[in-house]
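Below: one structure, written as C-alpha cells.
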Protein chains: 2
Amino acid sequence: MTAEFAVAIHSVVFLCHKKKYVSSSEIADNVCTNPARIRKIMNKLISANIVETKNGVGGGYIFSLKPSEVNLFHILTALDEKIVSHKWHSGDKNKPCQVAFGMDAVTENIYNTINIAGYEILKKITIEDIIKTLFPNGEEKANICGNCKKNFI
Amino acid sequence: MTAEFAVAIHSVVFLCHKKKYVSSSEIADNVCTNPARIRKIMNKLISANIVETKNGVGGGYIFSLKPSEVNLFHILTALDEKIVSHKWHSGDKNKPCQVAFGMDAVTENIYNTINIAGYEILKKITIEDIIKTLFPNGEEKANICGNCKKNFI
DNA sequence: TTATATGTAATCCGATGAGTTACAATTAAA
DNA sequence: TTTAATTGTAACTCATCGGATTACATATAA
C-alpha cells in the first residue's frame, strides 16, 4: 500500500467537504503535494466513477456521490492497490525439498489472508465517517475552516 | 512489510524441519537468496530468542523452541516491522482548514487498525501450522524431501 | 593450527516513489 | 471567435530503499 492511498482519501474527503469543482492545484495545496500527482490519482478515481471532472474555467474535480455510500475499499481498488503485496518470492519450485518448494505458496496465502482482513476493515469506513470525525460539530459549525470560504484555500 | 518477513519465516521453518545446526549458506540456498542477507536476518531472530547460533565447523543456526509456541507475530516483531507503515504524511498542521489539519491523523488511525487486525491473524499462525501444511503426511513420511538427507540440500 | 562459520560493514545496482516541467487538448467565459 | 483556465499525460530528475555482492575480523570445532 503506497502513499497514493492516503493522497486519494484526503482528496476525496476534501472534495466532499467543498461540494464544488476544485482544481488539482487547490487539492495539491491542501494535501501538500503537486498538481500532476493529484491529476494522476484523480484519473483513477474517475475511471472508478468516484469523482467527476470538467475542463476549463471553473473546472476541476467534484465528488457528487453520497458520502455514506463510498468506502475506503472502493478507493483502494480504484487505485489497483493491495494492503500487502507479494513481490519477492522465496524458494524454488524445482528444488527436491518440500520447504523450498512449498514456502512461497504458504507466504502467498498469509498475505492473502491479511489482505482480505484489511479489505473488510476498509469496507466499514465511509467518507461520511471521516467527515464526521473531522467535523464533530457538523461542517456548517466548523470553527476553523468555517464553511471553507475563499480565505481558507 | 518487506520481503525480510518472507525470508525469516522460510528460514525458521527450514531450521525447524532440519532440527540441527544449519549454515547461512545452506539456508540461503534453500530460500534462494545470499548468505549475508540470511545472517543479517538471523541476528534479529537471535536477539528475539527465536533461533540460536554457534560458530565454527558444524555451526550455523538452530531452532530449538516448540514449533507450536512460535507464531508469525513473534517473527514480525523480531524484525521490527509492521504490516503497513505510515511514512508519507498528507496535509499540514498549520493550515486553517480542518481537512488539511486532520486528515493525517485519520490516516494514521486507519493504518493502526489494519496493523492490529493483521497482528491478530499472524498470532494465530504458528511454525507448527506451517510445517503441517508443508508435510500433510508427517515429516518422516515426506516423499520428496525424505527426512532431508544430504542429497536434498 | 587450520578450516569453517558468524558478525558486520562497505559498496553497487536497480526499482520505485515523488517532484518538476512541459505541452497538447479541452472547455468556459469574455 | 478569442482567450484564459484546466485537465491529461509524458518525460525527466532526484532520493530512497531493497537486495546482492564482497570483504574481512572474530570465534569455534576438530
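These numbers come from a predicted model, not from an experiment. Chain identifiers are assigned alphabetically (A, B, ...) following the order of the sequence lines, protein sequences preceding nucleic acid strands; residue numbering begins at 1 within each chain.
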Distance test, side-chain N/O of A:Ser24 to OP1/OP2 of D:dT7, below 4.0 Å: yes
Residue pair B:Thr126 / B:Pro67: nearest heavy atoms and the distance that separates them: CB-O, 3.6 Å
Restricting both atoms to N or O, compile the protein contacts to nucleotides 13-21 of chain D shorter than 3.5 Å, with distance only.
unit_1	atom_1	unit_2	atom_2	d
D:dG19	OP1	B:Arg37	NH2	3.4
D:dG19	OP2	B:Arg37	NH2	3.0
D:dG19	O5'	B:Arg37	NH2	3.1
D:dA20	OP2	B:Thr33	OG1	2.5
D:dA20	OP2	B:Asn34	ND2	3.1
D:dA20	OP2	B:Arg37	NH1	3.0
D:dA20	O5'	B:Asn34	ND2	3.4

With heavy-atom distances below 4.5 Å as the criterion, would you say the side chains of B:Met42 and B:Thr53 are in contact? no
Any side-chain heavy atom of A:Glu139 sitting closer than 4.5 Å to one from A:Leu134? no
Measure from CG on A:Asn43 to P on D:dT6 and round the result to the nearest Å. 17 Å
Would you say the side-chain atoms of A:Asn112 and A:His86 include a donor-acceptor pair closer than 3.5 Å? no
Mark yes when over 12 heavy atoms from residues, nucleotides or ligands other than A:Lys19 sit less than 6.0 Å from its NZ; otherwise mark no. yes
ring-ring contact (aromatic ring centres under 6.0 Å, His included) contacts in which one or both residues fall within residues 42-73 of chain A, not counting sequence neighbours: A:Phe73-A:Tyr119
Only pairs at least two apart or in different chains count here, so list each side-chain hydrogen bond (donor to acceptor under 3.5 Å, both in side chains) that has a residue in residues 41-51 of chain A. A:Glu4-A:Lys44
Would you state whether a donor and an acceptor, one from the side chain of A:Arg39 and one from the base of D:dT9, lie under 3.5 Å apart? yes
According to ring pair (Phe, Tyr, Trp, His ring centres under 6.0 Å), who are the partners of B:His74, at least two apart in sequence or on a separate chain? none
Report the distance from atom CG of B:Leu122 to atom CD1 of A:Ile114, rounding to the nearest 0.5 Å. 4.5 Å
Would you list the protein and nucleotides 25-30 of chain D atom pairs, both N or O, that sit under 3.5 Å from each other?
unit_1	atom_1	unit_2	atom_2	d
D:dA27	O4'	B:Asn55	ND2	3.2

Nearest 0.5 Å, please: how far is OG1 in B:Thr107 from CD1 in A:Ile9? 5.5 Å
Students should find this one: the first and last nucleotides of DNA chain C, 5' to 3', lying under 4.0 Å from a heavy atom of chain A. What are they? C:dG17 to C:dA28
